[in-house]
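Every chain is numbered from 1 and lettered A, B, ... according to where its sequence line falls, protein lines coming before strand lines. All values derive from a computational prediction rather than experimental measurement.
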Amino acid sequence: MGFFFTESRKPDKHLKGLSPEFLRQHECNVCPLNELKDLQHPKMLPTGSKKPTVLMLGEAPGANEDKVGKQFIGKSGKIIRDRVPKEWEDKLRWSNSIRCRPPENRNPTTQELTCCRPLFERDILETKPKAIFGFGYYPLAQVVRPDTKYAQIGLWRGRRIPVDIEGHRCWYYPMFHPAYLIYERSKRKYIPEGEYGSEAEFAFELDLKRAFADLDDLPEPIIHTTEQATANVEIVDDVNRIATLLDEAAQQPSAGYDLETKGLRPYTNEAKILTASVSTKNRTFSFCLDHPQSIWSRLERKQIDVLMKRFLYESSCKKISHNLPFEMEWSAFFYGKGCLYEGRWEDTQSQAYLLDARRGALSLDFLCLQYFGVHLKEISGLDRKNLDKAPIKQVLTYNALDARYHRLLYLAQHKRIKSEGLIENYEHQLRRIPALVLAQMTGVPVDQSVVKTLKKKYTKRAEEAAAKIAKDESVLRFEEKKGRVFNPGSPQDVNYLIKEILKVEIESTEKSELAHIDHPIAKLIVQYREPTKNISTYIDSVSEGSENLYPDGMLHPTISTTTVITWRSSSEDPNIQNFPKHDDELKEVRSQIKSSDPNIVVVSIDYAGIQARNVAMESLDKNLVNAYWNNYDIHSDWRDRIVKRYPKWIPKSKLSDKEAMKGYRQLAKNKFVFATFFGAQSYTTSQGLEIPRNICEELREEFFDQFKDIEKWHKHLHKFYYENGYVTGLSGFRRRAPVSGTELINTPIQSDESIIVLDAMARLSELEDPRYQPALEVHDDLTFFWPKREVEKRLEVVVKEMVTIPFKWANVVPIEVEASWGPDWINMSKIGSFANNKWDGIVEIKGSM
DNA sequence: GACCCGAGCGCG
DNA sequence: AAAGCGCGCTCGGGTC
């Protein structure tokens, strides 16, 4: 039996010209597997209980199964059977989605799956199981028919889906295929006794355990038919009726709210809200705003704006959207930012993210399939990209359906949020959204004159490097041998050049690897890469003509709070969180980020060493906590301890060189102290510090002798994870299995960090004063664009808010921020460091960790 | 032409 | 055995 988890293993979609109906009708007679001569046991029948609670559904018989004529007796079958609780053994039925063994374990084809499906259906109707546990991709595809893009077992495992098989309704539990677990084990040379072969193996065990535990109290599966989904949608074309319905909705406890728009962002000249829809318990309706096919008179159109505004500002219902930042950004853009803090908004995508953060499974479409067994997008059959050209009635229906499922999904997920004890986390998540939407709307200024200068400068550099490369003798030899032009931007070409022409062994063509090569071409390639990367990633993306730059001359990067597995934010179009800051050759691109008004300056305030403080908060390590209160400099101390154990690390001549010793402190900090906090092993620290492995092992022991509770905390995380199936930080955030050992340590650090920073940002936004609204958030940093003469006054408010953290767990160590300012985003100088441990207004402190 | 993937590299 | 974590973007190189 194979394993079914990658794209390449999906069945081919060709039915060789035969319709699915035809294949279903003729079953085995038109099945290619029926032709096979060498099968020992073709058409293997299901076995086990005739009145089963669960149907255990595999993919197809394997070699062993075919030989003996019994199902689930091979290696994969054993993995499943070993995990069946005794009390369930006689309540199971065993079957495969394909009854004959495909030759040489090849994948079943769509044709074979379709032919076999009626056999499966008849068995279901005869035996009526309450649940199906399906192993791997093929049963999932055959039973649930998820859209191709969702057909990844890794996305579905750990969930349950209501399914309707020819009228029989039951729950489908997708699980990994055991063959995948065998494959994962096979990749490792050695697995210690008692350890899982992979995190997937732990997840598999967890899934099975939870699925069996579910059986005692299975609810009725809810499945919406297309008729139910589309029933009673009112398309409103009368303004008075819109007024009546909106006012009625405003009085309801909850209302789904959805907008269809021209474009994804409201900052373009063509941006329009095309239609809107609202769905309450009694009613689902939609109406036009600026759809080209709308029939409103100018007066009517104005009246609709008044009604929209009233609904957004004055309704007492919960306004529920899926991907709330979208509805908030458009609503605030057209009806004023004030509406973001009026009434109560809810976000079903945030709920879903809290319950299960897997990427790719947060769309309304996916969640409707999971919760209601309904293919939402299939019903509407609408091309979202050209909504302004689609028939208006279709757009309005589609719009209304979305609003309906916003509300239904909210109710379904709310129950689970509550029962999992995640209300507080959801409330925090909700507060992030208006804060980040307001940051998106605030925007980031770009000075196009700087952009032009830099583009010229880096283009010249790239050209110069390219010219030198073209003339290099090694490149000439490459071109002679290959018969084509050498491309310095192609890792493949570079790899060939270094290995086959220069005859130098390399592991990769990364900068660090090239640095070790004693040939001018290595340096030249880096000299070519740097300016080309700078141009394509950081200059072109902010220059006129880029889709990222809007008519207001600003960037409005999209910030997401439901993408990153650890609760951090992410930024795209462009990613403003990874602009060069350190490399002298590259960091100049930050000077593009600048107001054209010379009175406006950039002010950044970042949390000093927040992740290390998170380690102290999490572990409550006595020595680490005290270090913060007593200004003990861990990194200098450990620099000195490393030298003590390995004197060769720092040449004698440098021991009295203050600047050099600062550099070694930095090395000790990043390559040893922090790395060890985060779970790095001696192998890694040895590579980072470039000192022998055994010394690093000794150092590690010495380190955990000083910070005993950090090691304890690492162990606790491990234990908690295997007991509960997720890892959590002090904020209650959860990251669910599979999670690897080092991810276990990092996750609470990143999540608590993000809670602290984004809570501060939310509090600043809630002041509802644009002066204190950050324009950027970069993980430990909030950045503002302020009039120069206002900086001191505004800074006081912001700093105070940032260091006054409302979480008890955070205040076991002092919190410190560092502010800097300048005319642009790179030419910045330090204003000062401020901490809350000596709070007396703003206290500037000297010496930081 | 649209999509997918890995390599490489920027940030915290 | 593997060997801090988390992202987004661009390119080359491939497929359909």
Please confirm whether A/Tyr721 and A/Tyr726 have ring centers closer than 6.0 angstrom.
-> no
For A/Asn534, report the nucleic acid contact type (base, sugar-phosphate, nothing); a contact means any heavy atom under 4.0 Å.
-> nothing
Is the A/Phe677 to A/Phe703 ring centre distance short of 6.0 Å?
-> yes
Report yes or no: is the cationic atom of A/Arg639 (NZ for Lys, CZ for Arg) under 6.0 Å from the centre of the six-membered ring of A/Tyr664, at an angle within 45° of the ring normal?
-> no
So what does A/Glu743 touch, heavy atoms closer than 4.0 Å: a base, only the sugar-phosphate, or nothing?
-> sugar-phosphate
Measure from CD on A/Glu513 to C1' on B/dA7 and round the result to the nearest Å.
-> 13 Å
Does the separation of the ring centres of A/Tyr180 and A/Phe204 fall below 6.0 angstrom?
-> no
Within the stacking criterion (centroid distance below 5.5 Å, interplanar angle below 30°), does A/Tyr683 stack on C/dA3?
-> yes
Across all strands, who's sitting opposite C/dG6 as a Watson-Crick or G-U wobble pair, both distances under 3.5 Å?
-> B/dC11
At under 4.0 Å between heavy atoms, what does A/Lys581 touch on the DNA or RNA strands: base, sugar-phosphate, or nothing?
-> sugar-phosphate
Taking only N and O in the side chain of A/Arg590, is any of them less than 4.0 Å away from OP1 or OP2 of B/dC11?
-> no
Looking at every strand, decide which applies to A/Thr509 at a 4.0 Å heavy-atom threshold: base, sugar-phosphate, or nothing.
-> sugar-phosphate
Integer angstrom distance from the P of C/dA3 to that of B/dA7 | 15 Å
Check every strand shown and say whether A/Ile745 touches a base, only sugar-phosphate, or nothing at a heavy-atom separation below 4.0 Å.
-> nothing
